[in-house]
Amino acid sequence: MLLGNKIKQLRSEHGVLQRELAALLEIDMPMMCKIERGERRAKRKHVMILADYFHVDENEMLALWLADKVLNSINDEDDGEIKNAALKIAQGIIS
């Protein structure tokens with residue numbers, strides 16, 4: 001839900017309504033609400049549009065988008081020890 005929180009923050013800072021972003025992204029309001037709450041993931045193209053619209057770094061927005069994908073994947077795993085090991089391995093590869 002990292003991206004959803006960022007979208008909500010940007011919306012608040014710029015005084016933009018969810019319906020305005022939904023129209024910009026050409027999606028319906030329920031989908032916009034779900035993206036912001038972290039219940040659905042935005043498409044990559046939507047992330048790029050939002051970065052441009054709010055004049056923020058595309059790489060930062062894409063990093064949040066990817067981090068959400070990773071977190072969603074590991075949250076399905078019940079074993080916390082395995083989750084932590086997977087994150088350490090991924091971090092080592094990225095660094």
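Inter-residue side-chain proximity for Leu3 and Leu50 is flagged as unmet; no heavy-atom pair is nearer than 4.5 Å. Here the side chains of Leu25 and Lys43 are not in contact, with every heavy-atom distance at 4.5 Å or above. Ile7 is not listed as a side-chain neighbour of His46, based on a closest heavy-atom distance of 4.5 Å or more. The shortest side-chain heavy-atom distance between Leu21 and Phe54 falls under the 4.5 Å cut-off.
Note that NZ of Lys8 and CD of Glu13 are 13.0 Å apart. Values are rounded to the nearest 0.5 Å. A distance of 11.5 Å separates CZ of Arg19 from SG of Cys33, quoted to the nearest 0.5 Å. Distance check, rounded to the nearest 0.5 Å: CG of Leu66 to CG of Leu71 gives 11.0 Å. If you take CD on Glu58 and CD1 on Ile49, they are separated by 11.0 Å, rounding to the nearest 0.5 Å. The line from CG of Leu10 to NE2 of His55 is 11.0 Å long, rounded to the nearest 0.5 Å.
Val70 is not connected to Ile82 by any chain of hydrophobic side-chain contacts under 4.5 Å among Ile, Leu, Val, Met, Phe, Trp and Tyr, and they are in different clusters. Put simply, Val56 and Ile35 are part of the same group of oily side chains (I, L, V, M, F, W, Y) that touch within less than 4.5 Å, one to the next. Cluster annotation: Ile27 and Leu17 are assigned to distinct hydrophobic clusters (Ile/Leu/Val/Met/Phe/Trp/Tyr, side-chain heavy-atom contacts under 4.5 Å, transitive).
A distance-only check finds a donor-acceptor pair linking the side chain of Asn72 to the backbone of Asp68 [under 3.5 Å]. The main-chain N or O of Val16 is found under 3.5 Å from a side-chain atom of Arg11 such that the two form a donor-acceptor pair.
Residues satisfying the side chain to side chain donor-acceptor pair (under 3.5 Å) criterion with Arg37, sequence neighbours excluded, are Glu39. For Glu20, the salt bridge (Lys or Arg N to Asp or Glu O under 4.0 Å) criterion is met by no residue, not counting sequence neighbours.
Of the options Gln18, Met31, Lys6, a side-chain contact (heavy atoms from CB on, under 4.5 Å) to Glu36 is made by Gln18 and by none of the others.
By the neighbour-count criterion of 12 heavy atoms within 6.0 Å, atom CD of Glu81 is sparsely surrounded, having that number or fewer from other residues, nucleotides or ligands.
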